[in-house]
There are 2 protein chains.
Amino acid sequence: MFEKYVKLLKENSIKITPQRLEILKYLDENRTHPTADQIYTGLKEKNPSLSKTTVYNSVETLEEHGLIQSLTISGSESRYDFRNDMHHHFLCKKCGTIIDIDIKCPNIGKMLESGHKVEEVHGYFKGICKDCMKKETKQNGS
Amino acid sequence: MFEKYVKLLKENSIKITPQRLEILKYLDENRTHPTADQIYTGLKEKNPSLSKTTVYNSVETLEEHGLIQSLTISGSESRYDFRNDMHHHFLCKKCGTIIDIDIKCPNIGKMLESGHKVEEVHGYFKGICKDCMKKETKQNGS
DNA sequence: ATGTTAAATTGTAATGATTACAACTTAGAA
DNA sequence: TTCTAAGTTGTAATCATTACAATTTAACAT
Ligand SMILES: [Mn+2]
Ligand SMILES: [Mn+2]
Ligand SMILES: [Zn+2]
Ligand SMILES: [Zn+2]
C-alpha cells in the first residue's frame, strides 16, 4: 500500500511518518493540484488526529527535498503537485481547474546565458478551459 | 505631471481620481513590481488621506481594464507591474528582486491548438540573480 | 456655475491562509 | 529497550486581502 512512498522518503533521507505517507499518497492519487486545506479535509476522516499544521509542515519538507512542487498560480492559496518534473499549467478562470500542460520552456537556454542561476521554472496560462468553452458555445448557440 | 496618466485613464473610460493618478504614476516610476503595501507606503507621506483599501481597489480596476498586470510569483503577496505587455520574470530567492525577462513564450501556438482559450501567459523563473551570484563568488573565493 | 447622482474613497472590522509556539509523541539510532 | 532529536498537534498570532457602511467626489445635466 505505502511501499512506494516509503521508498521515496527513504531515498531522500526523510523520516518516515504515517502522516507524510498519507499526504504523499493523497497527492499521488489526486493530481488536481490540491490546496493544503483540500489535502487536510481529504485525509481527516480516515486520520482524525491529523493536524492542518502537519499538512503545512509536511508539504514544506517534501518540497524542500524536491519530492513535490508547489504552485502559486492562483494567488490566494498555494497548490501542491505530486509531479516534480518541469511542466506548465493552465488555470481555468471559470471552473478553477488546473490542467497539466506538457511542454518544455525553450527559453531556458537564454536564461543560462543571462548570468542568473535558474533553480525553478514556472509557466502558467490562464483563461477558459476546453470543457467550459463547450458549455458556453451550447448556451450561446453560436 | 499627470497628463500621461490622465490620458491613459480617459482612453479606457476609467474615472479620473487623484488616487488613481498617483498609483499609476508610482507604478510607472517604480518598476520593481511593488506590493500593495509598498505602493501605499510610498504614497502615504505625500497623500496622507490615502487608504490602503483604495490601493487595492485601484490596482484591481486598473488590472481589469488591462492598464497594469499583477503577478503571483511570490506566493505571499500580489505584485503589480506597470508594464502590461507579455513578458517573463525572474525572482531572486536571495535578495527578493523581481527582474523583467524580455522573452516571448513560443508555446502559445501549441496552446491555441489545445482548445483552451488562453487569456493570460505568465512565465516565472526563480533562483539567484546575477548580482547575488557575484557576491557569493567573492565570499567563497571560488 | 450649480445641482444631482452613481461611483470612488476611507476607516474599520471581518475573513482566510499561513506561521509561531509550546506541550506532547514518536521514529530511528544506539 | 532506551534515548533523543525530530515530528505532530492544537491554539494563538500574523499578515494579506476583502466586506461594509459612511462620507466624499468626478462627471454629467441643468
Ligand atoms: Mn502539474
Ligand atoms: Mn515586469
Ligand atoms: Zn473550466
Ligand atoms: Zn539577488
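Computed from a predicted model, the values in this text were never measured in an experiment.
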Next on the checklist: Under 4.0 Å between a side-chain nitrogen and a carboxylate oxygen: does that hold for B:Lys52 and B:Asp37?
Outcome noted: yes

Checklist entry - Okay, side chain of A:Arg79, backbone of A:His33: is any donor-acceptor separation there less than 3.5 Å? => result yes

Could you list the donor-acceptor pairs under 3.5 angstrom formed by side chains in residues 59-68 of chain B, with sequence neighbours left out?
| unit_1 | atom_1 | unit_2 | atom_2 | d |
| --- | --- | --- | --- | --- |
| B:Thr61 | OG1 | B:Asn57 | O | 3.1 |
| B:Glu63 | OE1 | B:Ser70 | OG | 3.3 |
| B:Glu63 | OE2 | B:Ser70 | N | 3.4 |
| B:Glu63 | OE2 | B:Ser70 | OG | 2.8 |
| B:His65 | ND1 | B:Thr61 | O | 3.0 |

Item to check | D:dT9 OP1/OP2 closer than 4.0 Å to side-chain N/O of A:Gln19 | outcome: yes

Checklist entry - Would you call A:Arg20 and A:Leu9 a side-chain contact if the rule is heavy atoms closer than 4.5 Å? => result yes

Checklist entry - Taking side chain as C-beta onward, heavy atoms only, is A:Phe82 less than 4.5 Å from A:Glu29? => result no

Checklist entry - What residues in residues 27-34 of chain B put a non-hydrogen atom under 4.0 Å from any atom of DNA chain D? => result none

Checklist entry - Does B:His116 reach the main-chain N or O of A:Lys130 with its side chain, forming a donor-acceptor pair under 3.5 Å? => result yes

Next on the checklist: Test of understanding: clusters of I, L, V, M, F, W, Y form through side-chain heavy atoms closer than 4.5 Å, transitively. Do B:Val55 and B:Leu8 belong to the same one?
Outcome noted: yes

Next on the checklist: Donor-acceptor check, side chain of A:Thr72 to backbone of B:Thr72, threshold 3.5 angstrom: yes or no?
Outcome noted: yes

Checklist entry - Can a salt bridge be assigned to the pair B:Lys4 and B:Asp28 using a cut-off of 4.0 Å between side-chain N and carboxylate O? => result yes

Next on the checklist: Check B:Asp85 with B:Arg83, please: is the shortest side-chain N to carboxylate O separation under 4.0 Å?
Outcome noted: yes

Checklist entry - To the nearest Å, how far apart are B:Lys10 NZ and D:dC28 C1'? => result 14 Å

Next on the checklist: Angle between the end axes of the helix from C:dA1-D:dT30 to C:dA30-D:dT1, five pairs per end, to the nearest 10 degrees?
Outcome noted: 40°

Checklist entry - Atom OH of B:Tyr40 to atom C1' of C:dT10: distance rounded to whole Å? => result 10 Å

Checklist entry - Are the side chain of B:Lys126 and the backbone of A:Val121 linked by a donor-acceptor contact shorter than 3.5 Å? => result no

Checklist entry - To the nearest Å, how far apart are B:Leu43 CG and C:dT9 P? => result 13 Å

Which atom pairs, one a donor and one an acceptor, fall under 3.5 Å between side chains of residues 90-99 of chain A and the rest of the protein, sequence neighbours left out?
| unit_1 | atom_1 | unit_2 | atom_2 | d |
| --- | --- | --- | --- | --- |
| A:Lys93 | NZ | B:Glu119 | OE1 | 3.1 |
| A:Lys93 | NZ | B:Glu120 | OE2 | 2.9 |
| A:Lys94 | NZ | A:Glu136 | OE2 | 3.0 |

Next on the checklist: Parallel, tilted or perpendicular: which one describes the rings of B:His122 and B:Tyr124, with boundaries at 30° and 60°?
Outcome noted: tilted

Next on the checklist: Can you pull out the residues from residues 62-73 of chain A that lie within a 4.0 Å heavy-atom distance of DNA chain D?
Outcome noted: none

Item to check | Per-nucleotide protein contact string for nucleotides 14-30 of chain C (B base, S sugar-phosphate only, - none; heavy atom under 4.0 Å) | outcome: ---SBBB------BS--

Checklist entry - Expressed in angstrom and rounded to an integer, what is the separation of B:Asn47 atom CG from C:dT9 atom C1'? => result 13 Å

